[in-house]
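Here the structure is laid out as structure tokens; the discussion comes afterwards.
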2 protein chains.
Amino acid sequence: MLASHLKVGIGPPQRLEELKNMKKNEPMTICPCAITIAMLSSKWKILIIRELLKGTCRYRDLREQVFGVSQKMLTQSLKELEADGLVARRVYPEVPPRVEYSLTDDGNSLRPVIQVLDAWGAHYVVEKEPDYVATRLTSTRQKIVG
Amino acid sequence: MLASHLKVGIGPPQRLEELKNMKKNEPMTICPCAITIAMLSSKWKILIIRELLKGTCRYRDLREQVFGVSQKMLTQSLKELEADGLVARRVYPEVPPRVEYSLTDDGNSLRPVIQVLDAWGAHYVVEKEPDYVATRLTSTRQKIVG
DNA sequence: CCGAATCCCACTCGATACTG
DNA sequence: CAGTATCGAGTGGGATTCGG
């Protein structure tokens with residue numbers, strides 16, 4: 001089951017010639033790791049997913065645990081994650097309302113990915129010059145403090 | 001060797017109370033996986049690293065292989081990757097000039113990370129609705145086509 | 001309690017032109 | 001060949017206010 005205009009290319013990205021000769025709506029090679037990055041590279045998403053990896057969570061709890069996230073960004077991130085099929089949203093017909101978020105199977109399949117990212121980041125941050133790491137990390141869009 | 005104001009926290013991100021009680025220049029907990037994402041989440045970096053994983057490369061070659069990247073973004077990305085210690089830059093005193101880029105040990109240590117990202121992305125893209133994947137991926141900042 | 005709607009700024013990135 | 005410099009558009013995200 002593969003989009004007619006998408007062709008998964010694992011391994012080296014396609015060469016220049018391939019793209020030069022490509023016409024519209026023709027199969028094109030995409031880079032899978034770039035897709036994963038695209039899914040995760042928003043200021044708060046990784047922190048949200050981290051939290052959801054611990055288990056089902058209410059909206060309010062996420063607001064507390066993901067420190068610093070605004071209502072707008074939390075809602076927006078969750079909406080995108082749901083659209084991406086990584087997060088499930090369950091609304092209870094109560095007053096006041098209650099909404100619970102949890103990871104789907106696809107979302108949970110990110111666990112080993114997160115673990116690898118976590119391990120690399122941890123190793124990187126301890127072996128680098130502390131001062132550089134500090135300034136580098138404060139000048140990035142990505143939220144680092146969980 | 002750890003920044004005095006940084007404290008690496010592997011595992012769950014710190015709780016709200018920890019941050020509430022945090023004062024300036026006091027040790028704070030950071031999220032390692034967010035660091036890794038911060039390193040990679042620029043429109044072209046992952047594609048550049050992918051290319052460098054194949055071996056040393058000249059500036060010109062990168063411009064060809066990383067299709068669509070502008071001079072400005074390629075230069076800027078390489079400069080940041082070098083500052084991050086992931087890429088090494090070697091200039092040869094020749095005319096016309098020749099500059100070669102390669103991954104440092106830290107950069108090469110990303111290989112298993114990239115592989116995991118690659119595997120997850122590949123699995124994701126083939127099991128998802130093709131139409132959704134297509135629109136989702138064209139509306140992202142991250143460059144997907146290598 | 002869980003959002004939606006609006007306004008606005010900062011930053012990323014692309015296009016173009018220039019240089020040693 | 002391998003970059004700089006500059007300008008401008010688009011967008012991600014913060015702050016605030018309103019709604020069911």
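In this text, all values refer to a predicted model and were calculated from it rather than measured experimentally. Lettering of chains follows the sequences in order, A, B, ..., and the numbering in each one begins at 1.
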Filter on salt bridge (Lys or Arg N to Asp or Glu O under 4.0 Å), then keep only pairs touching residues 73-83 of chain B, sequence neighbours left out; what's left? K45(B)-E80(B)
Within residues 71-88 of chain A: residues closer than 4.0 Å to DNA chain D (heavy atoms): K72(A), M73(A)
With sequence neighbours excluded, what pairs up with T56(A) under the side-chain contact (heavy atoms from CB on, under 4.5 Å) test? E100(A), S102(A)
Would you jot down, in residue-number order, the residues of residues 92-101 of chain B having a non-hydrogen atom under 4.0 Å from DNA chain D? P96(B), P97(B), R98(B), V99(B), Y101(B)
Side chain to side chain donor-acceptor pair (under 3.5 Å) with N108(B): which residues, sequence neighbours excluded? R111(B)
Can you list the residues that meet the side chain to side chain donor-acceptor pair (under 3.5 Å) rule with R141(B), with sequence neighbours excluded? none
Please tell me whether L78(A) and Y92(A) are part of a single hydrophobic cluster in this structure, the criterion being side-chain heavy atoms less than 4.5 Å apart. no
Taking for each residue the nucleotide of DNA chain D bearing the nearest heavy atom, is the 5' side occupied by S70(A) or by Y59(B)? Y59(B)
Under a 4.5 Å side-chain heavy-atom rule over Ile, Leu, Val, Met, Phe, Trp and Tyr, are V95(B) and V91(B) clustered together? no
Please give, in whole Å, the distance from dT12(C) C1' to W44(B) CH2? 13 Å
Hey, where on DNA chain D does chain A first and last touch, going 5' to 3'? Cut-off is any atom under 4.0 Å from a heavy atom. dG12(D) to dG20(D)
Indicate yes or no for a side-chain donor-acceptor contact from S77(A) to the backbone of W44(A) under 3.5 Å, with no hydrogens or angles considered. no
Compile the donor-acceptor pairs under 3.5 Å between side chains in residues 66-74 of chain A and protein atoms, sequence neighbours left out, one pair per line.
unit_1	atom_1	unit_2	atom_2	d
S70(A)	OG	M73(A)	N	3.2

Non-neighbouring partners of A38(A) that pass side-chain contact (heavy atoms from CB on, under 4.5 Å), sequence neighbours left out: T140(B), Q142(B), I144(B)
Taking the axis from the first five pairs and the axis from the last five, what angle separates them in the helix from dC1(C)-dG20(D) to dG20(C)-dC1(D), rounded to 10 degrees? 50°
Whole angstrom value for the distance that separates P of dC2(C) from CZ of R90(A): 15 Å
Please, which pairs that meet ring pair (Phe, Tyr, Trp, His ring centres under 6.0 Å) have at least one residue in residues 96-122 of chain A, sequence neighbours excluded? W120(A)-Y124(A)
With the threshold set at 4.0 Å, does a side-chain nitrogen-carboxylate oxygen contact exist between K128(B) and D84(A)? no
Within the side chain of T104(B), is there an N or O that forms a donor-acceptor pair under 3.5 Å with the backbone of L86(B)? yes
Sequence neighbours excluded, which residues qualify as side chain to side chain donor-acceptor pair (under 3.5 Å) partners of Y59(B)? T75(B)
